[in-house]
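To start, the structure itself, in structure tokens.
Remember, it's 1-based here, ligands and their atoms both numbered in the order they're listed.
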Amino acid sequence: MSIIRSVFRGSGAYLPEKIVTNADLARIVDTTDEWIVERSGIKERRIAADGELTSDMGLAAAKAALEDAQMDAQDVDLIVLATATPDQTFPATAVTVQAELGITHGAAFDLQAVCSGFVYGLSVADNFLKAGQHKRALVIGSETFSRILDWEDRTTCVLFGDGAGAVVLEAQEQPGGPGDRGIFTTHLRSDGRYRDKLYVDGGPSSTMTTGHLKMEGREVFRHAVTNIASIMRVALDANGLSPEDIDWFVPHQANKRILDGTAKKLGTTDEKIVITLDRHGNTSAASIPLALDTARKDGRIKDGDLVLMEAMGGGFTWGAVLARW
Ligand code: UT7
């Protein structure tokens, strides 16, 4: 029996021009290139220019995704923008992107699940498309974490960067079998008991300031490996698949050691994991679409490939999306 699925029509990405290497950071805080590479796998990150906003980067990624999809912005009737670093407290950064794209119909809103934002965004958009409420969605992850970092805290400032990525999803009728294209299942989890392990110490209703990122790195790391491996299992089991069936794992890009740890737990090989964190660090909600776009444009992810995406972040929030490109 045929079924409506959210099919990936295109992807796009944007990274700011300014590159900050580990050596550059070693001039600001007490750190070394060796420590950062060994503990995280990150070699450099991008930092947004003065006046360059989350909406600017999200717009650039969205335009690239629309071009890749060979689609006009007017065809889009839903924009879900995942970010923890919006331009303003309100309105949503998504409506700025919507206006810049010249779209005046449909809906645009922000979604806040920190590093899990893109996975949450895909899930939300997928459910709208499957329900028939919207036809074509832009799902964007865009972040300017450089603006919420404490640049004197070596334990956090070396890990994050700025950037944006986007995909275009379209509701399409598919045969309803394992060879379908599009999203098969999405799986979201959160556990607010851990909200003080990774947070920003400011906000409109608490301090009336923006605040800075705080993290208990070791604790986050420990939970990340367990939660990510478990949600990947859930996604595989829900589809009757094993890790060998997956063509590409596209994880949230936080730490190479987290990726190694989860790969080991799952029994997968490194060659199937798309890793881009060495070039842009942890870009939170932007990291999965940045990696997706890289692997599509360099020819690794091809039409028909099975892709498993996963993320874990502040909240804690975590989740996975299983799809055929
Ligand atoms: O997107 C989801 C959110 N974030 C994450 O997933 C990040 C999760 N956590 C991590 O990636 C890792 O825990 C870190 C990369 C943050 C840290 O690695 P670690 O192996 O857990 O190191 P640690 O925090 O246990 O620190 C080890 C040592 C400490 O020194 P002492 O106490 O052993 O003397 C730190 O003070 O490394 C020190 N250290 C540094 N040294 C040089 C911490 N940051 C730095 C630094 N440069 N930048």
Side-chain angles (χ1 to χ4, degrees), residues 20-45 82-85 112-121 141-146 148-163 165 188-192 194-200 212-232 250-263 265 273 275-278 280-291 309-320:
V20 174
T21 65
N22 292 347
D24 293 333
L25 287 179
R27 285 189 277 275
I28 306 173
V29 288
D30 181 15
T31 191
T32 59
D33 176 50
E34 293 73 35
W35 191 94
I36 301 172
V37 171
E38 190 193 305
R39 300 297 177 114
S40 73
I42 297 163
K43 293 180 181 151
E44 59 186 43
R45 69 286 295 140
T83 189
T85 45
Q112 157 65 293
V114 208
C115 297
S116 309
F118 189 73
V119 161
Y120 268 62
S142 185
E143 301 277 19
T144 42
F145 261 50
S146 62
I148 56 164
L149 292 174
D150 173 353
W151 287 99
E152 290 179 2
D153 176 9
R154 68 173 184 172
T155 68
T156 53
C157 77
V158 304
L159 300 172
F160 297 90
D162 301 335
L188 305 183
R189 300 284 186 276
S190 62
D191 188 342
Y194 299 102
R195 64 194 182 281
D196 62 348
K197 303 293 176 207
L198 174 52
Y199 68 102
V200 168
H212 291 110
L213 184 148
K214 307 278 172 196
M215 176 166 73
E216 285 180 42
R218 216 176 288 184
E219 274 294 287
V220 177
F221 190 104
R222 196 166 61 82
H223 285 275
V225 175
T226 309
N227 291 344
I228 290 167
S230 133
I231 203 73
M232 285 166 87
V250 186
H252 167 51
Q253 311 281 318
N255 187 320
K256 174 74 167 66
R257 283 159 55 224
I258 293 178
L259 306 187
D260 293 342
T262 47
K265 263 187 188 261
I273 307 172
I275 299 171
T276 54
L277 62 86
D278 51 324
H280 54 66
N282 183 346
T283 56
S284 183
S287 88
I288 291 179
L290 272 166
M309 295 162 256
E310 52 78 0
M312 142 103 187
F316 292 143
T317 54
W318 65 104

Using protein heavy atoms only, decide if any is under 4.0 Å from atom 9 (N) of ligand 1.
yes

Taking Q253 as the fixed residue, which of N282, T276, I288 is the one that meets the side chain to side chain contact (heavy atoms under 4.5 Å, CB included) rule?
T276

Taking non-hydrogen atoms only, is I258 closer than 4.0 angstrom to ligand 1 via side chain, backbone, both or neither?
side chain

How does N255 reach ligand 1, if at all, at less than 4.0 Å between non-hydrogen atoms: by side chain, backbone, both, or neither?
side chain

Ligand-residue contact atoms, ligand 1 with H252, heavy atoms, under 4.0 Å:
1 (O), 2 (C)

How about CD on E152, more than 12 heavy atoms from neighbouring residues, nucleotides or ligands closer than 6.0 Å, or not?
no

Tell me which one of I228, V250, N227 satisfies side chain to side chain contact (heavy atoms under 4.5 Å, CB included) with E310.
I228

Logged contact type for A224 with ligand 1, heavy-atom cut-off 4.0 Å, is neither

Near T31, which atoms of ligand 1 are under 4.0 Å from a heavy atom of that residue?
42 (C), 46 (C), 47 (N), 48 (N)

Run the numbers for me: atoms of ligand 1, each under 4.0 Å from some heavy atom of M215, listed by number.
4 (N), 7 (C)

Note: ligand 1 atoms sitting under 4.0 Å from heavy atoms of R257 are 18 (O), 20 (O)

Which ligand 1 atoms does R39 reach within 4.0 Å, using its non-hydrogen atoms?
15 (C), 19 (P), 20 (O), 22 (O), 27 (C)

State whether the shortest distance between N or O atoms of G217 and N or O atoms of ligand 1 falls below 3.5 angstrom.
yes

Please state which protein non-hydrogen atom is closest to atom 38 (C) of ligand 1 and give its distance, to 0.1 Å?
R154 NH2, 3.7 Å

Quick one: does any side-chain atom of R45 pair with a main-chain N or O of V158 as donor and acceptor, under 3.5 Å?
yes

Does the protein place a non-hydrogen atom closer than 4.0 angstrom to atom 34 (O) of ligand 1?
no

Donor-acceptor side-chain pairing of E143 and T283 below 3.5 angstrom:
no

Any chance you could measure I42, atom CD1, to N255, atom CG, to the nearest 0.5 Å?
7.0 Å

Locate the shortest heavy-atom distance separating S116 from G313; write the atom from each residue and the value.
OG-N, 3.3 Å

At a non-hydrogen distance cut-off of under 4.0 Å, which region of C115 contacts ligand 1 (side chain, backbone, both, or neither)?
side chain

Heavy-atom pair of closest approach, residues A320 and V119
N-CG1, 3.7 Å

Tell me which part of T156 gets within contact of ligand 1: side chain, backbone, both or neither, using heavy atoms under 4.0 Å.
neither

Under the side-chain contact (heavy atoms from CB on, under 4.5 Å) rule, what do S287 and L277 come out as? Steps first, then yes or no, please.
CA-CA 8 Å; S287 88; L277 62 86; over 6 Å; no

Run the numbers for me: atoms of ligand 1, each under 4.0 Å from some heavy atom of T155, listed by number.
43 (C), 44 (N)

So the atoms of ligand 1 within less than 4.0 Å of a heavy atom of L159 turn out to be 15 (C), 16 (C)

Quick check on atom 4 (N) of ligand 1 - does any protein heavy atom sit closer than 4.0 Å to it?
yes

Protein non-hydrogen atom below 4.0 angstrom of atom 25 (O) of ligand 1 present:
yes

Side chain, backbone, both or neither: the part of N282 lying under 4.0 Å from ligand 1 by heavy atom:
side chain

Which distance, rounded to the nearest 0.5 Å, do you find between the CG of L149 and the CG of D162?
8.0 Å

Applying side-chain hydrogen bond (donor to acceptor under 3.5 Å, both in side chains), run through E44 and T21 and close with a yes or a no.
CA-CA 4 Å; E44 59 186 43; T21 65; over 6 Å; no

With under 30° as parallel and over 60° as perpendicular, where do the rings of F316 and Y194 fit, or are they tilted in between?
parallel

Relative to ligand 1, is V158 under 4.0 angstrom through side chain, backbone, both or neither, heavy atoms considered?
side chain

Measure from atom 40 (C) of ligand 1 to every heavy atom in F160, W35, F316 and give the option owning the shortest one.
W35

Between M312 and ligand 1, find which residue part has any heavy-atom pair under 4.0 Å and reply side chain, backbone, both or neither.
backbone

Only heavy atoms of L198, strictly under 4.0 Å: list the atoms of ligand 1 that pass.
3 (C)

With a 4.5 Å limit on heavy-atom distance, are the side chains of D196 and K214 in contact?
no

